[in-house]
Structure formats: C-alpha cells, structure tokens
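Reviewing the structure listed below.
These numbers were taken from a predicted model, which means no experiment stands behind them. Both counts, for ligands and for their atoms, begin at 1 and track the order of listing.
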Amino acid sequence: MKVLLDGDTIQARISELANEIEADYPPGEEIHMVCVLKGGFVFMSDLVRSMSVRVTMDFIAVSSYGSGTKSSGEVRFQKDLDSSLENRHVIIVEDIVDTGLTLKYLREILRSRAPKSLRSACLLSKRSRRKVDVPVEYIGFTIEDEFVVGYGLDYAEKYRNLPHISVLQG
Ligand code: 5GP
C-alpha cells in the first residue's frame, strides 16, 4: 500500500476546515453535525474536536440500494437519525464523494426535514468520477481515481483504523 496522505497532513487540513466552517456561521449559532457511518466516523471525530463553536452530533448509516457495481444512488437507511433536523444548521460529514449519487440522495432526504441550512463536508473528493452535480461546501482533499483505504475508509471492513490514507494496490 502506498501512503497518499499521512496523518499530519490530514490533521493540518482538518484544522483549516474547522476554521472555515466556524467562520461561515453567525456567531453563537449551534451546528448539528450528521456523520455518515461507517466511513465518516474518524473524520467526524477529528473535525468536531477541532471546532470550538457549539456542536451537536448525530449518526446515520446507509447502504446502497441495488446490486453489483451499478449504483442507483438510492440509499437504504440502516440507521436513521435520532433527532429532528428542523430549524437546525446541519452539516453532513462523509468520508468520500465519488460519483456523488449517495450524497445527492442523502441531501434530498435531509433537506425535506426542514433544516435551517444544509451543507456537506467530505474529507476526500474524486472530482473526475462525478456523475451528478452535488454541492460539497467543505472538501479536505481532491484525489485521483484510485481506491483508497484508512482513516475510516475500508476494504471489506478492514483498514478503517489506519491513521493515514493509502492507495490499495491490486
Ligand atoms: P458515491 O455515491 O459518491 O459514488 O459513493 C460514495 C461512497 O462510495 C463512499 O461513501 C464510500 O463508501 C464509497 N467509496 C467511493 N470511493 C471509495 C474509495 O476509494 N475507497 C473506499 N474505501 N470507499 C469508497
């Protein structure tokens, strides 16, 4: 495995993202962070600990509908949120945006729950793979079209605990 982003590089970028986020919201406003499990859990954990504004958290677990490699973008909720989004500033926290289908679908569902605002933060983005135009307000790193693991991202449930992001070579 080749290390693409080491732990220090990731931490430095997350501090910048936390500052960007904090600067974008009116002072005193609470931000509700919605982590997309499982891949988003490490990013979420470091991001919220870099933020000093008032933050609340919730977790959602989704799996792609349909079979094989063909993603319809429709997702099934394996775990829904515990609390309402109504009138809250919501940020969806994801590990990676690839085709964008999952995030687009998620945004539509969460938007229908009447948040005060809705934004997305993704640690990684594979820009060249995008099939749908979906806004991602906060992106950690834009990467090439390679399969990556570590820092929450898995291959067959392995490697999520790596402190860095590596390219899995066949
Ligand atoms: P999208 O709907 O944007 O195509 O899919 C995003 C999801 O695909 C991510 O949440 C992640 O679960 C998975 N994914 C996409 N690219 C990678 C990758 O390089 N490595 C891993 N581990 N998962 C990926």
Just checking D133: does its CG atom have more than 12 heavy atoms from other residues, nucleotides or ligands closer to it than 6.0 angstrom? no
E146 near ligand 1 by a heavy-atom separation under 4.0 Å: yes
Between R111 and E108, does any side-chain N to carboxylate O distance fall below 4.0 Å? no
Does the residue Y155 have a heavy-atom contact with ligand 1, meaning some pair of atoms that are separated by less than 4.0 Å? no
Sequence neighbours left out, what pairs pass salt bridge (charged side-chain N to carboxylate O under 4.0 Å, His left out) with at least one residue falling in residues 35-44? K38-E157
Using a heavy-atom cut-off of under 4.0 Å, does the side chain or the backbone of K126 touch ligand 1, or both, or neither? side chain
Would one find an N or O of V97, backbone or side chain, under 3.5 Å from an N or O of ligand 1? no
Are the charged groups of R107 and E94 less than 4.0 angstrom apart, N to O? no
Can you tell me if G39 has a non-hydrogen atom under 4.0 Å from ligand 1? no
Less than 4.5 Å apart, side chain to side chain, heavy atoms only: is that true for L162 and M1? yes
Short version for E94: what comes under 4.0 Å of ligand 1, heavy atoms counted, is side chain
Flag V148 as yes when one of its N or O atoms lies below 3.5 Å from any N or O atom of ligand 1, and as no otherwise. yes
Just by distance, no angles: are the side chains of S83 and D58 close enough, under 3.5 Å, to form a donor-acceptor pair? yes
Atom indices of ligand 1, in the order listed, that fall short of 4.0 Å to a heavy atom of L153: 21 (C), 22 (N), 23 (N)
To atom 2 (O) of ligand 1, the nearest of D95, V149, V62, T102 on a heavy-atom basis is T102
